[in-house]
Amino acid sequence: MLDAEQSFPSTFLWSNGESTSSIMVTAPGLYSVQVTTPCWSVSDEVIVYQQMNCEPFEIYVPNIFSPNGDQINDYFSVSLGGLPVIKKFSASIFDRWGNLIFQSEDIHFNWDGTYRNSPGQSGVYVYVLNIDYHHEGLDQSEILKGEVTLLR
C-alpha cells in the first residue's frame with residue numbers, strides 16, 4: 001500500500017492514473033504521485049522491489065538495560081530477524097557529552113555498561129549502528145541512531 005493521504009484538502013495523481021490518496025501495488029516498479037492543493041503542488045516517487053519471500057528484515061534495539069547481575073537484561077545488544085547476510089557491522093556508544101565509550105564490529109556484541117573496566121553511570125547513552133547487509137537479493141545499508149538507558 002502506498003499512501004499519500006494529507007490532513008488538508010488535496011487531489012492526487014499517481015503514475016498509474018489513479019486519483020485516490022492511496023494505491024495498492026502488486027508489481028515492482030517506479031511509482032510516483034503528485035499531490036495538489038489550492039496553494040501548491042508537490043510530487044514524490046518510490047521504487048518497489050520484488051521480494052523473494054515476504055519475511056521482513058527487522059533490527060530490534062532495546063531502549064533500556066540493567067547490568068546488575070540478575071541475568072535479566074544485563075547487556076545492551078541488538079537482535080536481527082529475517083535472516084540477512086551481514087557484510088559489515090559496527091556499533092558505537094557515546095555518553096551524554098559525546099565521548100565514545102564502547103565500540104564493536106561484532107554483530108553479536110554485548111555491552112555490559114562498563115567504561116574503562118568501571119561500571120558506567122546510570123543515564124541515557126547514544127548508540128550508532130552501521131549495518132551493511134544482503135537481503136532478498138539486494139545489498140543494503142542502514143544507519144540506526146538512538147538512545148539507550150542504563151539503569152543501575
Taking it one step at a time, do Leu129 and Val61 satisfy side-chain contact (heavy atoms from CB on, under 4.5 Å)? CA-CA 10 Å; Leu129 306 175; Val61 183; 3.8 Å; yes
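- By the 4.5 Å side-chain criterion applied to Ile, Leu, Val, Met, Phe, Trp and Tyr, Met1 is assigned to a cluster that also includes Met24.
- Not counting sequence neighbours, the partners of Thr36 by the side-chain hydrogen bond (donor to acceptor under 3.5 Å, both in side chains) test are Ser41.
- Arg152 is linked by a side chain to side chain contact (heavy atoms under 4.5 Å, CB included) to Pro67, Pro119, Ser122, Leu150, counting only residues two or more places apart in sequence or in another chain.
- By the side chain to side chain contact (heavy atoms under 4.5 Å, CB included) test, Ser92 is found to be paired with Phe94, Leu100, Gln103, residues two or more places apart in sequence or in another chain being considered.
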Go through it in stages, so that I can follow the logic: the residues are Gln6 and Val35, the test is side-chain contact (heavy atoms from CB on, under 4.5 Å), and I'd like the CA-CA distance, side-chain angles, deciding distance and then a yes or no. CA-CA 9 Å; Gln6 301 297 313; Val35 180; 4.0 Å; yes
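- Scanning both residues, Ser77 and Pro62, for their nearest heavy atoms gives O-CD, 3.1 Å.
- Scanning for ring pair (Phe, Tyr, Trp, His ring centres under 6.0 Å) contacts around Tyr125 gives Trp111, with sequence neighbours left out.
- Note on Ile101: it clusters hydrophobically with Val148, by side-chain heavy-atom contacts below 4.5 Å among ILVMFWY residues.
- Not one N or O on the side chain of Ser66 forms a donor-acceptor pair closer than 3.5 Å with the backbone of Asn68.
- The side-chain heavy atoms of Ile59 and Leu144, taken from C-beta on, include a pair separated by under 4.5 Å.
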Evaluate Val33 against Leu2 for side-chain contact (heavy atoms from CB on, under 4.5 Å), listing each step before the verdict. CA-CA 10 Å; Val33 64; Leu2 300 179; over 6 Å; no
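- In terms of the side chain to side chain contact (heavy atoms under 4.5 Å, CB included) criterion, residue partners of Gln71 (sequence neighbours excluded) are, by chain and number, Asp74.
- With hydrogens and angles disregarded, no donor-acceptor distance shorter than 3.5 Å links the side chain of Glu45 to the backbone of Ser43.
- Applying the salt bridge (charged side-chain N to carboxylate O under 4.0 Å, His left out) definition to pairs two or more places apart or across chains, none involves residues 106-119.
- Here CD1 of Ile143 is found 5.0 Å from CG of Asn130. Values are rounded to the nearest 0.5 Å.
- Distance CD1/Ile107 to CD1/Ile86: 5.0 Å, rounded to 0.5 Å.
- Cluster partners of Leu151 are Ile64, counting Ile, Leu, Val, Met, Phe, Trp and Tyr whose side-chain heavy atoms approach within less than 4.5 Å, directly or via other members.
- A search for side-chain hydrogen bond (donor to acceptor under 3.5 Å, both in side chains) contacts involving Ser141 returns Asp132, not counting sequence neighbours.
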After noting the C-alpha distance and the side-chain angles of Val78 and Tyr60, does the key distance pass the side-chain contact (heavy atoms from CB on, under 4.5 Å) rule? CA-CA 6 Å; Val78 298; Tyr60 172 72; over 6 Å; no
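- Among residues at least two apart or in separate chains, side chain to side chain donor-acceptor pair (under 3.5 Å) pairs with a member in residues 9-23 are Glu5-Ser21.
- If you take CZ on Phe89 and CD on Glu105, they are separated by 9.5 Å, rounding to the nearest 0.5 Å.
- Under the 4.5 Å side-chain heavy-atom criterion for grouping Ile, Leu, Val, Met, Phe, Trp and Tyr, Phe76 is not connected to Ile72 through any hydrophobic cluster.
- For Tyr133, the side-chain hydrogen bond (donor to acceptor under 3.5 Å, both in side chains) partners at least two apart in sequence or on another chain are Gln140, Glu142.
- Both Val46 and Ile23 are assigned to one and the same hydrophobic cluster, defined by single-linkage of ILVMFWY side chains at heavy-atom distances under 4.5 Å.
- Remark: the backbone N or O of Asn117 is not paired with any side-chain donor or acceptor of Thr114 at under 3.5 angstrom.
- The aromatic ring centres of Phe102 and Phe109 sit less than 6.0 Å apart.
- By the side-chain hydrogen bond (donor to acceptor under 3.5 Å, both in side chains) test, Lys87 is found to be paired with Asp139, residues two or more places apart in sequence or in another chain being considered.
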